[in-house]
Enquirer: 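Here's a structure for you.
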Amino acid sequence: MSDASDLSGGEESQEDVLTPAELITKLEEAWLNEKFSPELLENKSELVECVMEQLTHMEENLQRVRKGDVKASVHRMEIDRIRFVLSSFLRSRLQKIEKFFPHVLEKEKSRADGDPSFLSPEEFAFAKEYLANTEVYLRTVALKHMPPNLQSIDMLKAVPEPCLDSFVFLRVKERQENILVEPETDEQREYVVDLDEGSQHLMRYRIIAPLVANGAVQLI
Amino acid sequence: MFCEKSVELIRELHRMGDGQLPAFNEDSIRQVLEEMKALYEPEQNQSDVNEAKTEGKSELIPSIKFRHCCLLRNQRCISAYLYDRLLRIRALRWEYGSVLPTAIRFHMCAEEMEWFNQYKKSLATYMRSIGGEEGLDITQDMKPPKSLYIEVRCLKDHGEFEIDDGTVILLKKNSQHFLPRWKCEQLIRQGVLEHVIS
């Protein structure tokens, strides 16, 4: 990426201007976290926008390179790889939105104004359309032909919730102290662990969920 | 035995693994709905319920409860059957693209087709909105890129095909070409091209 220039942030300057390499690292981290987390994570619209800009930039550079030059192939591969990671990231999110759609919408509805949004506006629109589409379908084909007291289904009860107790592998980026671990069996008691920087663990997602959100651990 | 037909619907789907979509079993669904109507009738006529309430004939209550359980089970089975079919249909969009093969379309009822069309539209709107400019087709790039160019064999006549640098390739049945991978992905999934791994 030697000929791509620095990106100016469209974001608030909590972060400094990201170099392309840092941007792609962030994308890969977000991608892995989203892939391995059982629930939908915070949305990363700015990251997506920046990566798209970067891809457009790289495509333009590619046009200027002489055809048949070896550099062109390498750049092409790079563009393909980044586009794959971005697509895979967005697909993970969409799959979770579809799988848990009533819960995702409920969470968004009950979110306080200041809290970060889990869905981008476009994802929110998609989720609402998905809910409406499915409800209309079920009603038309079956529910409206049923006895009056059975003509609706509570989607929140009917569609399973994400299993927050599933185990995930993680690597610690910032040292954490006094993480409370629930007992697995009746004989055990709850205990605390310290997570050292760089160490890797296998734990229930529920325990470390807030640490994923604030970037202290990375799911692998 | 009540609820047998609705459980049979579930079994039918369970038998077809791999996300295949069997034909829409309109007959069975109709029979289940009729069974539900028959189960509800005593409630509708209110005769049993009234008798239980006013005349204190509490021995009717177990049968009322039983019928209600059957109704709930039927509702649950039908909903599960329909919802599972929707999930399979959703997977078809990602597998085959916007246009479904005719064989599969015959297995779908009109309402399922409508759901599919709406889903396609929602997905397209979402994809167009990604990144704020032209969007990104996330139904492409399903596998990590291993190589730039791949050897493909043409399985059907597909006519002319233009690649990025302007060259036009004629895709005739059984011809083999060395093409950029990203251009071939969708054609491979649709069955027009076949990736030749030597």
Enquirer: Does some side-chain heavy atom of A/L90 sit less than 4.5 Å from a side-chain heavy atom of B/M127?
Expert: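 They are not in contact (no side-chain heavy atoms under 4.5 Å apart), so the answer is no.
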Enquirer: Taking all non-hydrogen atoms of both residues into account, name the closest pair between A/L138 and B/S79 and its distance.
Expert: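 Where A/L138 meets B/S79 most closely, the heavy atoms are CD2-O, 4.4 Å.
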Enquirer: Could you tell me whether the side chain of A/R91 reaches within less than 4.5 Å of the side chain of B/M142, counting heavy atoms only?
Expert: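 They are in side-chain contact.
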Enquirer: May I ask you to test the A/N133-B/S122 pair for a side-chain heavy-atom distance under 4.5 Å?
Expert: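 A side-chain contact under 4.5 Å is absent here.
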Enquirer: Tell me which of these, B/E111, B/M36, B/Q75, has more heavy-atom pairs under 4.5 Å with chain A than the rest.
Expert: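 The answer is B/Q75.
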Enquirer: Are B/I78 and A/M146 side-chain neighbours, meaning at least one heavy-atom pair lies under 4.5 Å?
Expert: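 Result yes, sub-4.5 Å side-chain heavy-atom pair found.
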Enquirer: Atom OG in A/S120, atom CD1 in B/I130: separation rounded to 0.5 Å?
Expert: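 A/S120 OG to B/I130 CD1: 9.0 Å, rounded to 0.5 Å.
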Enquirer: Decide if atom CZ of A/F169 counts as having more than 12 heavy atoms of other residues, nucleotides or ligands within a radius under 6.0 Å.
Expert: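 No, because the 6.0 Å sphere around CZ of A/F169 holds 12 heavy atoms or fewer from other groups.
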Enquirer: With a 4.5 Å cut-off on heavy-atom pairs, point out which of A/V48, A/L55, A/N149, A/L86 contacts chain B the most.
Expert: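 Highest number of heavy-atom pairs under 4.5 Å: A/N149.
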Enquirer: Heavy-atom distance under 4.5 Å between the side chains of A/V141 and B/W115, does that happen here?
Expert: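 When only atoms from C-beta onward are counted, B/W115 and A/V141 do not touch, as no gap falls below 4.5 Å.
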Enquirer: Measuring from A/E122:CD to B/R128:CZ, what's the distance to the nearest 0.5 Å?
Expert: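 Taking CD in A/E122 and CZ in B/R128, the distance rounds to 12.0 Å.
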Enquirer: For B/E112, which atoms come within 4.5 Å of any heavy atom of chain A: side chain, backbone, both, or neither?
Expert: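 Looking at B/E112, backbone and side chain both touch chain A.
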Enquirer: Can you tell me which of B/E26, B/Q118, B/R76 forms the most heavy-atom pairs within a distance under 4.5 Å of chain A?
Expert: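 Of the candidates given, the most pairs with chain A belong to B/Q118.
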Enquirer: Should the heavy atoms of other residues, nucleotides or ligands under 6.0 Å from NZ of A/K173 be counted, would the total exceed 12?
Expert: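 Enclosed: over 12 neighbouring heavy atoms sit under 6.0 Å from NZ of A/K173.
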Enquirer: Check whether B/R90 gets within reach of chain A through its side chain, its backbone, both or neither, counting any heavy atom under 4.5 Å.
Expert: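 Only the side chain of B/R90 comes within 4.5 Å of chain A.
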Enquirer: Which residue out of A/T140, A/T134, A/V159 racks up the most heavy-atom pairs below 4.5 Å with chain B?
Expert: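 Ranked by contacts with chain B, first place is A/T134.
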Enquirer: Where on B/L82 is there a heavy atom nearer than 4.5 Å to chain A: the side chain, the backbone, both, or neither?
Expert: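 When you check distances to chain A, atoms from both the backbone and side chain of B/L82 fall under 4.5 Å.
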Enquirer: Would you indicate whether the side-chain heavy atoms of B/W94 and A/L94 approach each other to under 4.5 Å?
Expert: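 The answer is yes, as the side chains (C-beta and beyond) meet within the 4.5 Å cut-off.
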Enquirer: Can you see which heavy atom on A/F84 is nearest to which on B/P144, and at what distance?
Expert: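 Reported closest heavy-atom pair: CE1-N, 3.4 Å.
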Enquirer: Check each atom of B/Y81 against the heavy atoms of chain A and say whether the ones under 4.5 Å are side chain, backbone, both or neither.
Expert: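 It is neither, since no heavy atom gets under 4.5 Å.
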Enquirer: Out of curiosity, A/I97 CD1 to B/Y126 OH, how far, rounded to the nearest 0.5 Å?
Expert: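 Reported to 0.5 Å precision, the distance equals 6.5 Å.
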Enquirer: Measure up the A/Y130 and B/Y119 rings against each other and bin them: parallel (under 30°), tilted (30 to 60°), perpendicular (over 60°).
Expert: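 Perpendicular, since the angle between the ring planes exceeds 60°.
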Enquirer: Please give me the minimum heavy-atom distance between B/L33 and A/A142, naming the atom from each residue.
Expert: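 The pair with the smallest heavy-atom distance is CD2-O, 3.9 Å.
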Enquirer: Looking at B/L72, B/L123, B/I29, which makes the most heavy-atom pairs under 4.5 Å with chain A?
Expert: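 The candidate making the most pairs under 4.5 Å is B/L123.
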